[in-house]
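Start at 1 and go down the list; that is how both ligands and their atoms are numbered.
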Amino acid sequence: MLTPSRGRALTLPAANLSGGMDSDHIEKQYGRPPPRTKGLTYTMTARRKLAPGRLIAATHNPGKARELAALLEGGGFTTISAAELGLAEPEETADTFRGNAELKALAAARAANEPALADDSGLACDGLAGAPGIYSARWAGPNKDFRAAMQKVEDGLKAETSPDGEVDRRASFVCVLSLAWPDGEVESFEGVVRGQLVWPPRGDKGFGYDPIFVPEGETETFGEMAPERKLPMTHRALAFQRLKTFLLE
Ligand code: ITT
């Protein structure tokens, strides 16, 4: 069990503060919130680090598995997915991205007796009050028909057209990455990328909702971008950057 370090002040990335993830985590683990010092600075705990080696990508989604492997390569990690290991796919019973990411990471880590990294992610549309959100995979149905899921998003947005004919096309891709150890320790980090939804879908290079999402400041959809161009600007890469800062370096 880790003990809180004394007096090691660290400024957290903004998303961790606004998401309250780190203060939640500290409160859960030590029974009290982190001491607040000046401004946005918390006195942090010394966290368990992950040693390079094999890491389980606790996913059955090949698009995610590819992106997680690309993010981890170079740091001395090789990944193997839960699908490749034949691990069961746990039911996503939580009502938050973080809850589902943690349950997937813990299930894989316990089943394989090795650390595991899970990703729970999705598309949150402003015009649909955040839907499909944690239901992003479920909107594609059992056959994983993302053409139908994207059509459902578009139909939903059109149905919400304002009286002056405006369709709110703003959206976010959200990702929570959770790293779990077999003894039940788990750490989570969030990344969000803002963008605009387009119709019709464009490009076939990505997966899921990529063909309808244009990230802020870009003109191409994620589906039109080469994987090396898409990955660094994703919700997944942002979450990974935070995880790396705290757990890998
Ligand atoms: P695992 O639970 O096995 O990881 P899943 O596909 O069921 O796979 P989620 O429950 O996290 O994963 O569902 C997230 C869905 O959101 C996913 O199926 C994608 O369609 C979509 N999504 C997430 N990240 C995406 C990205 O970078 N590009 C396009 N779509 C994405």
Side-chain angles (χ1 to χ4, degrees), residues 55-71 79-109 111 116-125 128 130-153 171-180 188 190-195 197-198 201-215 218 220-240:
L55 180 62
I56 297 173
T59 181
H60 288 74
N61 178 323
K64 278 189 195 178
R66 264 196 313 276
E67 293 194 358
L68 292 174
L71 290 167
T79 50
I80 181 156
S81 74
E84 288 171 293
L85 286 173
L87 300 181
E89 208 171 336
E91 202 188 335
E92 298 190 19
T93 50
D95 57 5
T96 60
F97 289 112
R98 182 185 180 176
N100 284 325
E102 293 193 348
L103 74 79
K104 288 189 277 191
L106 284 166
L117 177 68
D119 164 318
D120 202 62
S121 47
L123 181 70
C125 304
L128 301 176
I134 63 163
Y135 302 104
S136 294
R138 282 166 265 189
W139 275 31
N143 295 329
K144 302 192 192 314
D145 182 352
F146 281 95
R147 176 78 211 190
M150 290 186 286
Q151 184 70 59
K152 197 168 163 185
V153 167
S172 305
F173 262 130
V174 180
C175 173
V176 173
L177 290 180
S178 294
L179 179 60
S188 297
E190 186 183 45
V192 177
V193 60
R194 293 284 291 162
L197 298 167
V198 295
R202 303 192 324 237
D204 58 4
K205 294 198 172 79
F207 64 95
Y209 297 89
D210 279 342
I212 56 170
F213 187 83
V214 177
E218 299 293 326
E220 286 183 325
T221 67
F222 271 165
E224 292 173 299
M225 294 180 188
E228 340 46 281
R229 200 165 123 62
K230 175 202 164 186
L231 188 56
M233 56 181 100
T234 58
H235 45 317
R236 193 159 289 112
L238 291 168
F240 183 74

What's the shortest distance from atom 28 (N) of ligand 1 to any protein heavy atom, and which residue and atom give it?
D210 OD1, 2.6 Å
For atom 16 (O) of ligand 1, closest protein heavy-atom neighbour
S136 CB, 3.4 Å
Could you go step by step and tell me if T234 and F222 meet the side-chain contact (heavy atoms from CB on, under 4.5 Å) rule?
CA-CA 9 Å; T234 58; F222 271 165; 4.0 Å; yes
Among all protein heavy atoms, pick the one closest to atom 2 (O) of ligand 1 and tell me residue, atom and distance.
K104 NZ, 2.7 Å
Of all heavy-atom pairs between H60 and A82, which one has the smallest distance, and what is that distance?
CE1-CB, 3.8 Å
Hey, which atoms in ligand 1 end up nearer than 4.0 Å to a heavy atom of Y209?
20 (O), 21 (C), 29 (C), 30 (N)
Where does F207 meet ligand 1, judged by heavy-atom distances below 4.0 Å: at the side chain, the backbone, both, or neither?
both
Ligand-residue contact atoms, ligand 1 with S121, heavy atoms, under 4.0 Å
11 (O), 13 (O), 14 (C), 15 (C), 16 (O), 23 (C), 24 (N)
Under 4.0 Å to a heavy atom of F146 - the qualifying atoms of ligand 1, by number:
18 (O), 20 (O)
Stepwise side-chain contact (heavy atoms from CB on, under 4.5 Å) test for L55 and L68:
CA-CA 10 Å; L55 180 62; L68 292 174; over 6 Å; no
Where's the contact between F173 and ligand 1, heavy-atom distance under 4.0 Å: side chain, backbone, both or neither?
side chain
Show the numbers, then the answer: is there a side-chain contact (heavy atoms from CB on, under 4.5 Å) between K104 and T59?
CA-CA 8 Å; K104 288 189 277 191; T59 181; over 6 Å; no
Please confirm whether H235 comes under 4.0 Å of ligand 1, counting heavy atoms of the residue only.
yes
Atom 13 (O) of ligand 1 [closest protein heavy-atom partner, distance rounded to 0.1 Å]:
A137 CB, 3.3 Å
In this structure, atom 6 (O) of ligand 1 is nearest to the protein heavy atom N61 ND2, 3.0 Å
Nearest to atom 1 (P) of ligand 1, what protein heavy atom do you find, and at what distance?
T59 OG1, 3.5 Å
Output yes when E220 and K205 qualify as a salt bridge under the 4.0 Å nitrogen-oxygen rule, no when they do not.
no
Do you know which two heavy atoms are closest between V176 and A101, and how far apart they sit?
O-CB, 3.5 Å
State the atoms of ligand 1, each with its element, that fall below the 4.0 Å cut-off from a heavy-atom position in K230.
26 (C), 27 (O), 28 (N)
Here the pair of heavy atoms bringing A116 nearest to A58 is CB-CB, 4.3 Å
Heavy-atom closest pair (P90 atom, L103 atom, distance to 0.1 Å) is CB-CD1, 4.0 Å
Evaluation steps, side-chain contact (heavy atoms from CB on, under 4.5 Å), between K144 and N61
CA-CA 10 Å; K144 302 192 192 314; N61 178 323; over 6 Å; no
Please identify which atoms of ligand 1 are closer than 4.0 Å to at least one heavy atom of D120.
9 (P), 10 (O), 11 (O)
To the nearest 0.5 Å, tell me how far L177 CG sits from F97 CZ.
12.5 Å
Closest non-hydrogen protein atom to atom 3 (O) of ligand 1, residue and atom name please, with distance?
H60 N, 2.8 Å
Taking only non-hydrogen atoms of E92 and a 4.0 Å limit, the atoms of ligand 1 in range are 2 (O), 7 (O), 10 (O)
Could you see which bit of R236 sits under 4.0 Å from ligand 1, with heavy atoms only: side chain, backbone, both or neither?
side chain
So is there a nitrogen or oxygen of T234 less than 3.5 Å from a nitrogen or oxygen in ligand 1?
no
So do P132 and R138 actually touch side chain to side chain, heavy atoms under 4.5 Å?
no
Show the atoms of ligand 1 that are less than 4.0 angstrom away from any heavy atom in G122.
16 (O)
Relative to the ring of H235, is the ring of F173 parallel (under 30°), tilted (30 to 60°) or perpendicular (over 60°)?
parallel
Whether N100 side chain and A94 backbone form a donor-acceptor pair below 3.5 Å
yes
Among protein heavy atoms, which lies nearest atom 9 (P) of ligand 1, and at what distance?
K64 NZ, 3.4 Å
Out of all atoms in ligand 1, which are within 4.0 Å of some heavy atom of D119? Include the element for each.
4 (O), 11 (O)
